[in-house]
Amino acid sequence: MKTKINTIQEYEANFSKAKNQPELFWQDIASQFEWSKKWDSVCEFNMYEAEFSWFSGGKTNITENCIDRHLKDKANQTALIFEPNSPNESAIHITYKELHHRVCKMANVLLGLGIKKGDRVAIYLPMIPELSVSVLACARIGAIHSVIFAGFSSSALSARINDASCKLVITSDGGFRGNKTIDLKGIVDQALKDCPCVNNVLVAERTNTEINIIPSRDVFLRDALAKASDLHLAQPMDSEDPLFILYTSGSTGKPKGMVHTTGGYMVYTAYTFKNVFAYEPGDIYWCTADIGWITGHSYILYGPLLNGATSIMFEGIPTYPNPGRFWDIVDKFKVNQFYTAPTAIRALAKESLSHVTKYNLKSLKVIGSVGEPINEEAWTWYHKNIGKGKCPIVDTWWQTETGGILISPIPNVSPQIPTYATTPLPGIQPVLMDDYGTEIKELKGEGRLCIKYPWPSIARTIWGNHERYKETYFSAYPGYYFTGDGALRNTNGMYRITGRVDDVIIVSGHNLGTAPIEDAINEHSEIAESAIVGFPHEIKGNALYGFVTLKGNVESPEKLKEAINKLISAKIGPIAKLDKIQFTNGLPKTRSGKIMRRILRKIAEGNSDNLGDISTLLNPEVVEHIKNGSKQSN
Ligand code: WTA
């Protein structure tokens with residue numbers, strides 16, 4: 001079977017085959033990879049118990065499919081292009097042969113440190129080649145990688161390291177981001193004060209800044225690589241062996257370590273990369289995400305490499321040294337597919353158009369969006385100025401939990417409508433649920449987005465807590481996977497994602513749970529209680545608004561606001577800082593003591609004249625006070 005969809009008829013044929021004969025459909029696609037042993041069964045599942053297995057009994061190693069398989073005909077083709085933070089530093093082109101060499105050496109370094117199949121390795125690195133090599137080397141020896149975004153604070157880092165009992169941390173002396181240098185090793189040192197599970201820290205050098213070294217624990221990567229052999233045979237993995245853990249915010253409690261396994265993730269990311277980006281051999285593809293997030297895992301590394309593509313990894317930020325940086329890189333490498341987030345598009349659209357018109361952008365064929373709903377204005381700006389009115393936009397909807405893209409147009413095949421993620425990919429059966437938990441059967445409707453049948457890259461569990469996995473995703477609508485998103489569907493069956501329906505807020509494309517932020521604030525000795533809600537923000541999509549009650553009087557509110565944001569930065573990271581803080585003498589509560597966030601959300605949105613029924617509140621008088629306070633403070 002051909003896996004590339006070129007016409008709407010092919011899309012429809014593939015879609016109906018995947019729906020009616022899913023096992024036949026997916027086994028045809030899986031057969032295109034190398035397996036040292038074929039699977040015994042394609043798919044077994046129980047949606048009620050949240051149990052899934054794909055290609056079970058099959059054995060493979062994803063890095064053989066990402067790298068070794070291409071050595072026959074693509075050894076000298078560039079696999080990864082590293083574009084540094086500063087445009088004055090040269091890019092590095094890593095061929096498939098070179099990548100193989102580097103990953104094998106790194107695999108031997110890991111083995112030399114006593115890392116075995118099934119061990120967990122935390123990776124806390126900036127977007128430098130060592131990050132890609134570390135991820136792939138873990139996969140090659142069967143260690144489970146847990147990449148932690150290098151913007152997280154030391155306590156967020158230690159919580160994640162401990163949750164998965166990581167034995168090793170791979171980091172660097174520091175990292176460059178725009179005109180800042182970040183002291184990553186210092187953050188790791190701080191985090192490891194609370195992590196008895198970690199035996200070693202492997203340190204890459206990037207900024208060449210002075211760092212503290214603990215000789216019994218820390219190993220310079222350069223020294224270890226110098227001694228390592230470049231011969232390594234990939235560890236055969238069961239299809240259902242875990243490949244990685246990646247943390248995502250929950251609406252309550254600690255972050256959830258989503259577990260993805262080998263075979264299904266491989267098949268699905270490869271298939272969706274090829275179709276969603278219409279990747280052709282020789283194309284240069286660029287996804288601007290960080291490998292610390294799922295988008296980077298699936299669509300900088302695994303999906304592109306599985307297809308033998310050339311993929312760019314960019315260390316810097318869109319606005320450094322100026323807001324033309326993205327477009328400069330597009331022209332420099334003649335990028336054919338460009339994939340970014342609405343928050344970056346909005347930030348760049350605000351700048352003078354001369355930063356775009358300086359570049360010709362002629363190489364672009366497909367442009368993509370991911371991470372949050374893209375508003376019509378941003379979509380139109382992107383289409384007109386970057387896509388020059390001719391490149392299809394793929395508005396791709398998916399999640400850390402889904403492993404790969406589930407809903408997206410297929411370029412030059414299916415129609416596109418601004419703000420709509422449009423149609424499900426083959427193998428995906430979305431449904432909308434009404435307020436009573438029944439499936440909306442009419443085409444046109446609005447409800448909560450669920451998925452009916454498993455696809456190969458659905459997360460298998462939450463690390464160490466299967467009950468939480470079941471409870472979070474499979475209990476609200478038994479028999480279905482619940483996404484946490486709301487959506488509407490038009491009369492043509494196209495989906496538009498309207499946003500989260502739980503207490504997760506997406507700020508600049510980053511998912512933030514409200515509970516961990518509130519917990520951080522509440523640690524302040526002067527603070528009694530707090531509630532965080534989101535409000536619309538021109539660039540970030542959403543920003544955070546904190547309502548805070550105090551134990552006593554406060555002498556300097558401005559100082560306290562600063563202290564609150566400092567606490568949040570230290571506990572979670574600067575991405576979770578609040579844009580607005582309002583001190584109040586109480587929070588609206590139900591009789592059972594739950595904070596009524598619906599009311600706070602309306603006040604934060606500036607919509608306080610329309611609060612609906614507040615008669616069920618325990619303390620309705622507090623609402624008036626908060627309303628007045630919000631008008632004064634903002
Ligand atoms: C949101 C990112 C609208 C959504 C891949 C989802 C989107 C959450 C889109 C997952 C899109 C992602 N349109 N909303 N195209 N893509 N989202 O886990 O709310 O970081 O549930 O995965 O981002 O975020 P995550």
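Order of listing sets the numbers, starting from 1, for every ligand and every atom in it. The model shown is predicted, which means the values in this text are computed figures rather than measured ones.
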*Asks:* Parallel, tilted or perpendicular: which describes the rings of His510 and Phe149, with under 30° parallel and over 60° perpendicular?
*Replies:*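 Correct class here is tilted.
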*Asks:* Considering heavy atoms of the protein only, find what lies nearest to atom 13 (N) of ligand 1 and give residue, atom and distance to 0.1 Å.
*Replies:* Glu372 O, 3.4 Å
*Asks:* So which bit of Ile374 gets within less than 4.0 Å of ligand 1, heavy atoms only: side chain, backbone, both or neither?
*Replies:* neither
*Asks:* Using a 3.5 Å cut-off on N or O atoms only, is Gly371 in polar contact with ligand 1?
*Replies:*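 N/O-N/O distance under 3.5 Å: yes.
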*Asks:* Tell me whether Thr483 has any N or O atom under 3.5 angstrom from an N or O of ligand 1.
*Replies:*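 Looking only at distances, the answer is no, because the N/O contact criterion of under 3.5 Å is not met.
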*Asks:* Determine, considering heavy atoms only, which of Thr400, Val501, Asp485, Ile505 sits nearest to atom 18 (O) of ligand 1.
*Replies:*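 Among Thr400, Val501, Asp485, Ile505, the closest heavy atom to atom 18 (O) of ligand 1 belongs to Thr400.
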*Asks:* Taking the six-membered ring of Phe152 as reference, does the cationic atom of Arg160 (NZ for Lys, CZ for Arg) lie under 6.0 Å from its centre and within 45° of its axis?
*Replies:* yes
*Asks:* Please find out if less than 6.0 Å separates the ring center of Tyr480 from that of Phe474.
*Replies:* no
*Asks:* Give the contacting part of Val504 toward ligand 1: side chain, backbone, both or neither, where contact means a heavy-atom distance below 4.0 Å.
*Replies:* neither
*Asks:* Check Arg500 against ligand 1 and report side chain, backbone, both or neither, counting heavy atoms closer than 4.0 Å.
*Replies:* side chain
*Asks:* Check each atom of ligand 1 against the heavy atoms of Val370 and keep those under 4.0 Å away; list them by number with element.
*Replies:*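 Atoms satisfying the 4.0 Å criterion: 5 (C).
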*Asks:* With a 6.0 Å cut-off on ring centres, are Phe338 and Trp327 close enough?
*Replies:* yes
*Asks:* Report the part of Ala421 in contact with ligand 1, treating N, CA, C, O as backbone and CB onward as side chain, heavy atoms under 4.0 Å; options are side chain, backbone, both, neither.
*Replies:*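 No part of Ala421 comes within reach of ligand 1.
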*Asks:* Looking at Arg346 and Glu351, does any basic side-chain N land under 4.0 Å from a carboxylate oxygen?
*Replies:*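 Salt bridge flag = no for Glu351 with Arg346.
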*Asks:* Checking side-chain hydrogen bond (donor to acceptor under 3.5 Å, both in side chains) between Lys365 and each of Asn412, Asp283, Asn336, which is the one that passes?
*Replies:* Asp283
*Asks:* Pull out every atom of ligand 1 sitting under 4.0 Å from any heavy atom of Asn511, numbered as shown with elements.
*Replies:*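 Per the distance check, 10 (C), 18 (O), 20 (O), 24 (O), 25 (P).
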